[in-house]
Amino acid sequence: EDRFVESGGGLVQAGGSLRLSCAASGFTFDDYTIGWFRQAPGKEREAVSCISPNDGSTYYVDSVKGRVTISSDNGKNTVYLQMNSLQPEDTAVYYCAAGWNVDPVFGCRAAQMRDYWGQGTQVTVSS
């Protein structure tokens, strides 16, 4: 059973923007840390950003700080990732994931998200 429906990926030119959405179902959204992760071909999956929908705490990997904003709409059980000033190195499959009892700042790592993962959405940035 899919717990996440991700959307918003696509092809964009360098400098452009995309907004990814991750709609969750089947679990108590507020009890989890929700994160966005990405995996480029031949590379390991890495954290992009995490949020606690309960208290709004957030984490961003250094490479996206100032360009990316994570937010949550608890009424819709949805987490968003607004990405601006996209660069070719941002090209990857982007996944959302949930981890129960995970610190959103210090625990924002793929290995910590043991509960639910989405199917991923492709983001391609052309130069």
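The analysis underlying the following values was restricted to heavy atoms, covering all of them including side chains, and did not include hydrogens, waters or symmetry mates. This chain uses plain numbering: 1 for the first residue, then up along the sequence.
Looking only at side-chain heavy atoms (C-beta outward), Met113 and Thr33 come within less than 4.5 Å of each other. Within the 4.5 Å cutoff, the side chain of Gln82 has heavy atoms near those of the Ser17 side chain. Here the side chains of Val123 and Leu20 are in contact, with some heavy-atom distance below 4.5 Å. Residues Ser49 and Leu81 form a side-chain contact, since some pair of their non-hydrogen atoms from C-beta on lies under 4.5 Å apart. With contacts defined as side-chain heavy-atom distances shorter than 4.5 Å, the pair Asn84/Val68 does not qualify. Side-chain contact between Val79 and Ile70: present, with at least one pair of heavy atoms (C-beta onward) separated by less than 4.5 Å. Contact of the Ser25 side chain with the Asn77 side chain is not registered, since no non-hydrogen atoms from C-beta on lie closer than 4.5 Å.
Partners of Val93 by side chain to side chain contact (heavy atoms under 4.5 Å, CB included), not counting sequence neighbours, listed by chain and number: Tyr95, Gln122. Take Phe29 and apply the ring pair (Phe, Tyr, Trp, His ring centres under 6.0 Å) test, not counting sequence neighbours, and it matches no residue. Gln87 meets the side chain to side chain donor-acceptor pair (under 3.5 Å) test with no other residue; sequence neighbours excluded. Residues satisfying the ring pair (Phe, Tyr, Trp, His ring centres under 6.0 Å) criterion with Phe37, sequence neighbours excluded, are Trp117. Looking at residues two or more places apart in sequence or on another chain, you find a side chain to side chain contact (heavy atoms under 4.5 Å, CB included) between Glu46 and Arg38. Listed by chain and number, the residues in a side chain to side chain donor-acceptor pair (under 3.5 Å) with Ser21 amount to none (sequence neighbours excluded).
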Check against side-chain contact (heavy atoms from CB on, under 4.5 Å), Thr124 and Val12: CA-CA 6 Å; Thr124 303; Val12 64; over 6 Å; no

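Relative orientation of the Phe27 and Phe4 rings is perpendicular, given thresholds of 30° and 60° on the angle between their planes.
Applying the salt bridge (charged side-chain N to carboxylate O under 4.0 Å, His left out) test to pairs two or more places apart or on separate chains, none has a residue in residues 108-117. Sorted by first and then second residue, the pairs that involve residues 53-75 and meet salt bridge (charged side-chain N to carboxylate O under 4.0 Å, His left out), not counting sequence neighbours, are Asp62-Lys65, Arg67-Asp90. Here disulfide (SG to SG under 2.5 Å) pairs that include residues 25-75, with residues two or more places apart or in two chains, are Cys50-Cys108. Counting only residues at least two apart or on different chains, no ring pair (Phe, Tyr, Trp, His ring centres under 6.0 Å) pair has a member in residues 38-85. For residues 9-28, the set of pairs meeting the salt bridge (charged side-chain N to carboxylate O under 4.0 Å, His left out) definition, not counting sequence neighbours, is empty.
Rounding to the nearest 0.5 Å places CE of Met83 at 4.5 Å from OH of Tyr94. One distance of note links SG of Cys22 with CZ of Arg3; it measures 13.0 Å at 0.5 Å rounding.
Heavy atoms only, all atoms of each residue included: Leu18 and Leu86 are closest at N-CD1, 3.8 Å. For Pro88 against Ser126, the heavy-atom pair with the smallest separation is CG-C, 4.5 Å. Shortest non-hydrogen contact noted between Pro53 and Ile34 is CG-CG1, 3.9 Å. In terms of heavy-atom proximity, Gln119 sits nearest to Glu6 at N-OE1, 2.9 Å.
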Side-chain polar contacts of residues 96-106 - donor-acceptor pairs under 3.5 angstrom, sequence neighbours left out - could you list them?
from   : atom 1 : to     : atom 2 : distance (Å)
Asp103 : OD1    : Val105 : N      : 2.8
Asp103 : OD1    : Phe106 : N      : 2.9

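With hydrogens and angles ignored, the 3.5 Å screen pairs a side-chain donor or acceptor of Thr121 with a backbone N or O of Gly9.
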